[in-house]
Amino acid sequence: MHKAKIHDILLKHWGYSTFRPLQEDIIVSVLNGNDTLALLPTGGGKSICFQVPALASDGMCLVISPLIALMKDQVLNLHKKNIQAAAIVSGMHIKEIDYTLDNAVYGRYKFLYVSPERLLNELFIERFNRMQINLIAVDEAHCISQWGYDFRPPYLKIAELRKHKPEVPVLALTATATQEVVADIQNKLAFKKNNVFKKSFERKNLSYIVQKEENKLKRLLIICNKLKGSGVIYVRNRKRTQEVADFLIRNNIRADFYHAGLEMLQREKKQFNWINNQTRVIVSTNAFGMGIDKPDVRFVIHLDLPDSPEAYFQEAGRAGRDEKNAYAILLWNYSDVIDLKKNFENQFPEKEIIKKTYIALCNYFQIAVNAGTGVTFNFNLNDFCKRFNLNASITFNALKILELAEYIALSEAYHNPSKIKITVDNLTLYDYQLRNPKFDKFIKVLLRSYGGIFDNYVIIKEEDIALRMELSLSDTINSLNYLDRINIISYIPRNDNPQVTLLSPRVSESSFYLANEVYETRKKRAENRINTMINYAEQAVCRSNFLLNYFGEKTDMRCGVCDYCLKMNKTGLSNIDYQNIANDICNVLKQNALSLKDLLPLLQQHKEEKVIKVIQWMLDNEELKYNSQQQLIINH
């Protein structure tokens, strides 16, 4: 019964007659009531794995995701399919949250997306208990593991949420997880039994290329002119996105830049232009790509070393999702290694600095000791740093650690536009207009300008209303606020500010404490991930094998299409031949530095032609070098 129904749903809403590998198995597992962990690489169709079973069952699916942009994107896509969905995210006004939760209780949505910070809020829990839930989907599930690269403490609350509806299955989804993290996800989500569906992380159509390059912009231009199709270029900071995009434009490449500091409308326009090939290359920070469905990306280029193999694998994996040949290219040099290590040190300020930041924050908001639990404030980082003479970058990272320690919660800064909803019925509104002719025209403009205003909150622009009413902006806002006060409409003014919420009462300076798993353990694991990325860049190895081994897929078969394999293919040597000869060369040179002429007679067990090829390869890849006496030595 399940299989026929889910195939009908897939065809009706997505237009596909068959599922991708593992999707159907995952969906059937969920429909059978099993807690399920799905590991599917970027572009593997994770959202279908919870959307299809939710549509096949009575009730609503609760989707927990940390990414506001991704939630909004998925809600919009569901609306286009005439599927009712809503999202509750940080920054929303309490009136809009209350209205959305009520609709969820009344069964008006098939999907409700929430950020993890929302989970144990009393208002949410009270309504959650009254909702008919058929599935809890946990997106970016690696965020629940303290051993993962992107740990989010609020994810740990999901297990407590499950206690309210123990019969509802959980589907956890992620694109990147080591074996340790896979085990931890199932444990932290209180799986009744281990149940993992894992698609191989191998991407046979993706060529991983690593190039050591001092003049990266020159190399970038060569690559963009040589490769066809659209691409993504990742850089570390916002300023550099525009600089690189401008460089490409000056060289006749249709490029644009993108980062999280742009207003939502700007970001949406840039995304639209790139998805529709009006822009060929987008230059971005790691804010770009999540949830964007563009299968025909031919190349992803990193101009800076990423912080972790997980981040690199996910970003590189945005190329070639249509299964056609694509390239993931990393351009690096030794200054990148220095920058990466410096950035790592900034990510983990000294404990004393973190404590001083906490005290300054509480003083900034005038919070007394033992007070402040659950209070939320608009927060301006620049003003805060200026007032207390703090370094902005170090302070931001100190705040992130305070969040990990669950002292505070930080909202994602994003543009939350103004919204209104009429809160009375048609007759009451008409009666008000008759008795208040002063507001009759104003209400008529609202009704003509915005459809669905009785049923849902709709986005408005006060400037547009002012223009139509021939009023000043301030008079328009005053009218909206008045109608809100007398409960004719619900008006939520726009908010562009990030926010800070205190999660516990302010502690005294002597009581401030950071647990080992929050600081020392995380710092050590972050350092290991950075060193792994440096090894990925420096070592002469099959790039695909390196990444697969990191994620627990052991294989000795070379991919044949990365930069290492392409060079190795030219030697005409098998893996075994090369490794045996290279090992023997290193064993001899460990004893003494030797000229090529003196080395060859000591390796007579191998054909001289093969030995010379291996030596040349090792020189080209800086595994060997010549000393000042023109003798071969191992390059440590």
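These numbers come from a predicted model, not from an experiment.
- Cation-pi geometry between K419 and Y491 is not satisfied (NZ or CZ under 6.0 Å from the ring centre, within 45° of the ring normal).
- A donor-acceptor contact closer than 3.5 angstrom is absent between the side chains of T241 and S284.
- Ion pairing between a basic and an acidic side chain is recognised when a charged N comes within 4.0 Å of a carboxylate O; K204 and E323 show no such pairing.
- Ionic pairing of R298 and D296 is not present here: no N-O contact between side-chain nitrogen and carboxylate oxygen is shorter than 4.0 angstrom.
- Counting only residues at least two apart or in different chains, salt bridge (Lys or Arg N to Asp or Glu O under 4.0 Å) contacts with residues 395-410 comprise K157-E406, K400-E403.
- Using a distance-only test at 3.5 Å, with no hydrogens or angles considered, no donor-acceptor pair links the side chain of N32 to the main chain of N34.
- Checked for salt-bridge contact, R162 and D35 meet the test: a charged N lies under 4.0 Å from a carboxylate O.
- Side chains of E462 and S418 form a contact here, defined as non-hydrogen atoms less than 4.5 Å apart.
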(message) Evaluate E517 against R522 for salt bridge (Lys or Arg N to Asp or Glu O under 4.0 Å), listing each step before the verdict.
(response) CA-CA 6 Å; E517 60 267 22; R522 285 189 59 76; over 6 Å; no
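- In this structure, the side chains of M131 and M60 come closer than 4.5 Å at one or more pairs of heavy atoms.
- A donor-acceptor pair under 3.5 Å is formed between the side chain of Q23 and the backbone N or O of R20.
- For the pair N205 (side chain) and G320 (backbone), a donor-acceptor distance under 3.5 Å is present.
- Between K270 and W274, every side-chain heavy-atom pair lies at or beyond the 4.5 Å cut-off.
- Residue E553 comes nearest to S200 through the heavy atom pair OE1-OG, 2.9 Å, listed as atom of the first residue, atom of the second, then distance.
- Using modelled atom types, one side-chain atom of T423 and one backbone atom of N487 make a donor-acceptor pair closer than 3.5 Å.
- Checking side-chain atoms of R236 against main-chain N and O of L305 turns up a donor-acceptor pair under 3.5 Å.
- Salt bridge present: E180 and R525 bring a charged side-chain N and a carboxylate O closer than 4.0 Å.
- Between D98 and R127, at least one side-chain N (NZ, or NE/NH1/NH2) sits under 4.0 Å from a carboxylate O, which counts as a salt bridge.
- Residue S490 comes nearest to Y457 through the heavy atom pair OG-OH, 2.6 Å, listed as atom of the first residue, atom of the second, then distance.
- A salt bridge links D484 with K95: the distance from a Lys NZ or Arg NE/NH1/NH2 to an Asp or Glu carboxylate oxygen falls below 4.0 Å.
- At least one test fails for K188 against the ring of Y155: distance under 6.0 Å to the centre or angle within 45° of the axis.
- Using bins of under 30°, 30° to 60° and over 60° for the plane-to-plane angle, the ring pair Y407/Y358 lands in the tilted bin.
- Taking the centre of each ring, Y327 and Y208 stay at or above the 6.0 Å mark.
- In this structure, NZ in K199 is found 7.0 Å from CG in L40, a value given to the nearest 0.5 Å.
- Ring centers of F19 and H7: under 6.0 Å apart, within the cut-off.
- Atom OG1 of T285 sits about 8.5 Å away from atom OH of Y234, to the nearest 0.5 Å.
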(request) Show your working on side-chain contact (heavy atoms from CB on, under 4.5 Å) between L502 and T376 and close with a plain yes or no. (result) CA-CA 7 Å; L502 269 68; T376 297; over 6 Å; no
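- By the 30° and 60° cut-offs, the orientation of the rings of F124 relative to F128 is parallel.
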